[in-house]
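These notes concern the structure reproduced below.
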Amino acid sequence: MSLNTKCLEDTISDLPEPPSLPLALPISHVSIARWFKSIAKDGHLEPRLCQVFGEELLYLFYGGVFYRPKNKPTQNVEELPIAFLFSPTLLERIIRFYPFDTGGMASGRFGTWSTSLGPLMKDYKVNGNHHHTIPRKMIYHIFNSNESYLHGEPDPNCKSKPYPLPELFDFYSDDLTSFDIDHRQCIIECQTNEQIPLKNELLWIGFPESMTDAFINICKWMEPVIPQFFAYESHRITIPSEMTAKLEEIAKQEVINRYIKIP
């Protein structure tokens, strides 16, 4: 148990209010193509039972397509990734945020950090309170800017701020590549217990080109708007994690950079 009386939520709340906050960024969700047709049929994403928290949750990530599925090569299209980018207005539906991938932390993927921070995960919970400013404050006080956040570069000023920001800075700064850890080490995870409708919220979607029929159904939900999309080649051996990294880059080029560059 932590000997500290403060948690990340308290610290973020107590720190001085900045003169301006970074702009709100889009929110992403990654799944596998096996579920694409049912998502397109229902017109929404559905929370599922989470083994870590023992409740029905839907996991999303703030600012980019950061989640990675398995990294074994496959020719099965249903095992390939699909990625969704949603409008920042979706932040009103988020019930809590964490400054790392909680699934990775709970499963021991972060090496000794899972041992030290895993039992203290509650110290890093920040309640969403259905407010779009929460992750923006987290970005400001931990990374200083959206650009630094998307590059995984924490602000050194964290070292002189109250608990748990110094610990978080050390965690973000540690080289965990030997554990096959990527940018998920320093991202903001978003959790909701609500259905996420595609209509009025979906900005961009990436999917295997052989599943265009499901995309057409999604377009019907969103009429008269057609979301931006990237249909990738799926008729060859593919490593799902590498394709998701490709989707991350495309999403950044086509959508996310636009939010960063707005004055």
Side-chain angles (χ1 to χ4, degrees), residues 4 6-29 59-67 83-102 123-173 183-192 194 196 200-204 227-228 248-263:
N4 296 279
K6 279 193 173 185
C7 61
L8 181 60
E9 181 175 23
D10 294 332
T11 297
I12 295 295
S13 177
D14 291 346
L15 286 170
E17 192 75 18
S20 63
L21 290 170
L23 290 173
L25 296 175
I27 302 175
S28 74
H29 176 76
Y59 285 85
L60 306 106
F61 289 105
Y62 185 70
V65 180
F66 299 133
Y67 179 76
F84 303 84
L85 270 184
F86 294 96
S87 165
T89 56
L90 197 63
L91 291 168
E92 305 290 341
R93 297 173 179 265
I94 302 303
I95 59 171
R96 53 183 173 255
F97 301 91
Y98 283 87
F100 44 66
D101 178 355
T102 58
D123 287 6
Y124 293 87
K125 178 183 71 175
V126 180
N127 288 309
N129 299 322
H130 303 287
H131 207 284
H132 63 86
T133 61
I134 303 299
R136 297 163 65 195
K137 288 182 178 179
M138 293 173 68
I139 295 292
Y140 178 84
H141 290 296
I142 301 172
F143 297 92
N144 188 52
S145 69
N146 281 333
E147 292 89 338
S148 294
Y149 167 64
L150 294 174
H151 284 101
E153 300 170 349
D155 184 356
N157 288 325
C158 284
K159 294 290 289 182
S160 60
K161 292 180 180 179
Y163 176 89
L165 291 184
E167 289 80 357
L168 200 54
F169 178 85
D170 290 341
F171 168 58
Y172 285 162
S173 303
H183 194 52
R184 285 168 292 167
Q185 178 180 351
C186 43
I187 51 81
I188 295 176
E189 177 182 288
C190 312
Q191 299 179 4
T192 184
E194 299 182 24
I196 300 300
N200 301 325
E201 303 284 4
L202 185 62
L203 297 175
W204 177 93
Q228 292 180 258
E248 176 184 351
E249 184 59 31
I250 296 296
K252 187 175 180 182
Q253 292 174 7
E254 296 186 352
V255 181
I256 296 166
N257 280 341
R258 186 170 75 240
Y259 283 78
I260 296 175
K261 294 176 181 177
I262 295 175

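All of these numbers come straight from a predicted model, not from anything done at the bench.
Side-chain contact between L60 and I94 is present, with heavy atoms from C-beta onward closer than 4.5 Å. Put simply, the side chain of E167 reaches to within 4.5 Å of the side chain of Y124, judged on heavy atoms. For the pair F84 and I196, the minimum side-chain heavy-atom distance is 4.5 Å or more. When side chains are defined from C-beta on, F169 does not count as touching D155, because their heavy atoms never get closer than 4.5 Å. Annotation: side chain of R136 is in contact with side chain of T133 (closest heavy-atom distance under 4.5 Å). Residues P162 and D14 fail the side-chain proximity criterion, which asks for heavy atoms closer than 4.5 Å.
Between Y98 and F100, the ring-plane angle classifies as tilted under the 30° and 60° cut-offs.
We find the CD-CD distance between E254 and E249 to be 10.5 Å, quoted to the nearest 0.5 Å. Going from atom CD1 of I142 over to atom CG of L165 covers 5.5 Å, rounded to the nearest 0.5 Å. Distance OG/S28 to CG/L203: 11.5 Å, rounded to 0.5 Å. Of the inter-residue distances, the one linking Y259 atom OH with S87 atom OG reads 5.0 Å to the nearest 0.5 angstrom. To the nearest 0.5 Å, atoms NZ (K137) and CD1 (I12) are separated by 9.0 Å. Separating the CZ atom in F61 from the NE2 atom in H29 is a distance of 10.0 Å, to the nearest 0.5 Å.
Counting heavy-atom neighbours within 6.0 Å of Y67 OH, excluding the residue itself, gives a total of 12 or less. K125 NZ: 12 or fewer foreign heavy atoms inside a 6.0 Å radius.
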Trace of the salt bridge (charged side-chain N to carboxylate O under 4.0 Å, His left out) decision for K6 with D123: CA-CA 7 Å; K6 279 193 173 185; D123 287 6; over 6 Å; no

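No donor-acceptor pair closer than 3.5 Å links the side chain of S13 to the backbone N or O of E9. Under the 3.5 Å distance criterion, the side-chain polar atoms of S148 are left unmatched by any main-chain donor or acceptor of P154. Q185 places a side-chain N or O within 3.5 Å of a backbone atom of F171 that can act as its donor or acceptor partner.
Side-chain atoms of D101 and Y59 form no donor-acceptor pair, as typed in the model, at a separation below 3.5 Å.
Taking the six-membered ring wherever Trp is involved, the centroid distance between the rings of Y62 and F97 does not fall below 6.0 Å.
When each of N157, L15, T11, L8 is tested with H141 by the rule side chain to side chain contact (heavy atoms under 4.5 Å, CB included), just one qualifies, namely L15.
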